[in-house]
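Take a look at the structure below.
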Amino acid sequence: MVGLPRDISPGARSRRGFFADLLIAIALAAVAILLAAGIGVVGFLALLVLLVLSVWIGLEAAVVSLMRRRRRRSVGLGPR
Amino acid sequence: MLAALACLVAAATSYVPAMRAKHNVALGVSSVEWLRHNGGNPIVSEIENWYYELNAPEKGGPALTTLPKVGVNSEGEGSKAKVYRPPNVAPLIHPALAGEGVWKKAAAKAGPQPPVLLTTFRSDPEYPQFVAGVAWIDSSRTHLAYVPGLAEPPEPLENRGSGEVPLAMRKRLVATFNGGFPLETSNAGLIYRGKVVETMVNGIATIVEYRSGRVDVVRWHQGPRAPADVWFAKQNLPPIIYEGKLNPDLSDGPEWGETVNNAIRVWRSGLGVDAHGNLIYAAANYQTVESLAKILQRAGAVRALELDINEDWTSFITYRHPGALEPSNLLPEMLRPPERYLTPTNGISSPST
């Protein structure tokens, strides 16, 4: 067994995290495909989940950018 | 998110080749059929049921003043020869409209004994705008052939052909119509060219063509195998009319398949035989299983089964001239083009003279 290096760059850490997430995602997908009545159901539900998540992420990004803009504007209009 | 993406990639490995395969329906319809055939039948059916319940027609409404024109006029071709011709269909709504329930021949030069007659009538006094299209096919002058489609019945199948009415058959083609539920959703049997393609099920309504050429609609009771005298048999749900009477279970939902339930008003089609053994086909929009059975019964059917439902699958096409020329839908509202069965398609039943 070779231990993974502990002192790594932030980039490498994020790549390692992504790789772990990917493995978990593939495992989850495999379980879903095994348990579902057919690949059609899996695809249909995955599409729905992706649509909902895309809308969610989009809304979240929009709200964050709106709040940032407001904060900047309020800083700009403050007393000198 | 990643798990959903992984699932989508896996589904795409099945979906993309299915959509690239040869078919003659819109991408949306093909996608729904793909979903139905890949475990999504309950989802599709549930969504269909919601959709049709939300879009259910309302009773009443303004009365119709004309009926869609069907067939060709028969003037000047009367015959003194004694040939059987079915009685006109008695109108349900009075006063009757011009030509309502009156049989007209389907082809221009069909002679004094036309093999196919067509008519229309308003089928439900509570919904005076619904028009049913009915066809009568003379079994003594026609031969019924089942033509496999591109994907139905599914593989393996010997002698599939090209999924359209063969050129050799077109010379004497008089009509074509939809061939019933896909085997996967009907959970019933098929005998094609004397061989069992899908195991036959006792008690199910069956269109049978015997090796002698005789055609009938029966309640199957001959077990899972192909009897020696049967050339073709296709099953679809229990009979909706048997020995002249409506099936008493027409209002029982689950008996009528896994797709949209019996009481949802959609395009429906059915096939029966009259007391003389001639075929009667009927189709109309906004029908329940029960109202479809009543249409067939009024047109003279003594035994009948339900065929396909939904606008994408319901077709009855006649050809005004030999060589499958000038095809025409039984009802103008039928969605699929009259050339449907002259290009590769799904399962077909086609009587020819």
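All chains are named by letter (A, B, ...) in the order of the sequence lines, taking the proteins before the strands, and each is independently numbered beginning at 1.
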Taking atom CD of B:E58 as the centre, report whether more than 12 heavy atoms of other residues, nucleotides or ligands fall under 6.0 Å from it.
no

Bottom line for B:L8: the part with an atom under 4.5 Å from chain A's heavy atoms is both

Any idea which of B:A12, B:G40, B:A6, B:C7 has the most non-hydrogen atom pairs under 4.5 angstrom with chain A?
B:C7

Against chain B, label A:L28 side chain, backbone, both or neither, depending on which of its atoms sit under 4.5 Å from a heavy atom there.
side chain

Part of A:I57 lying under 4.5 Å from any heavy atom of chain B:
side chain

OG1 on B:T13 to CD1 on A:I39, rounded to 0.5 Å
6.0 Å

Check A:G43 against B:A11 and note the closest heavy-atom contact, atom names and distance.
CA-CB, 3.5 Å

With a sphere of 6.0 Å drawn around CZ of A:R16, does it hold more than 12 non-hydrogen atoms of other residues, nucleotides or ligands?
yes

If we check side-chain contact (heavy atoms from CB on, under 4.5 Å) with B:L5, which of these qualifies: A:L50, A:L22, A:L53?
A:L50

To the closest 0.5 Å, what do you measure between CG (B:L2) and CD1 (A:I26)?
9.0 Å

Within this structure, what is the CZ-CG distance for the pair A:F44 and B:N38, rounded to the nearest 0.5 Å?
13.5 Å

Closest heavy-atom pair and its distance - A:V41, B:G39:
CG2-O, 3.0 Å

Taking the side chain as every heavy atom from C-beta outward, state whether B:M1 and A:V49 have any pair of such atoms under 4.5 Å apart.
no

So which atom in B:A3 and which in A:A29 form the shortest heavy-atom distance, rounded to 0.1 Å?
O-CB, 4.1 Å

Using a 6.0 Å cut-off, check whether atom OH of B:Y192 has over 12 heavy atoms from anything other than its own residue.
yes

Where on A:I33 is there a heavy atom nearer than 4.5 Å to chain B: the side chain, the backbone, both, or neither?
side chain

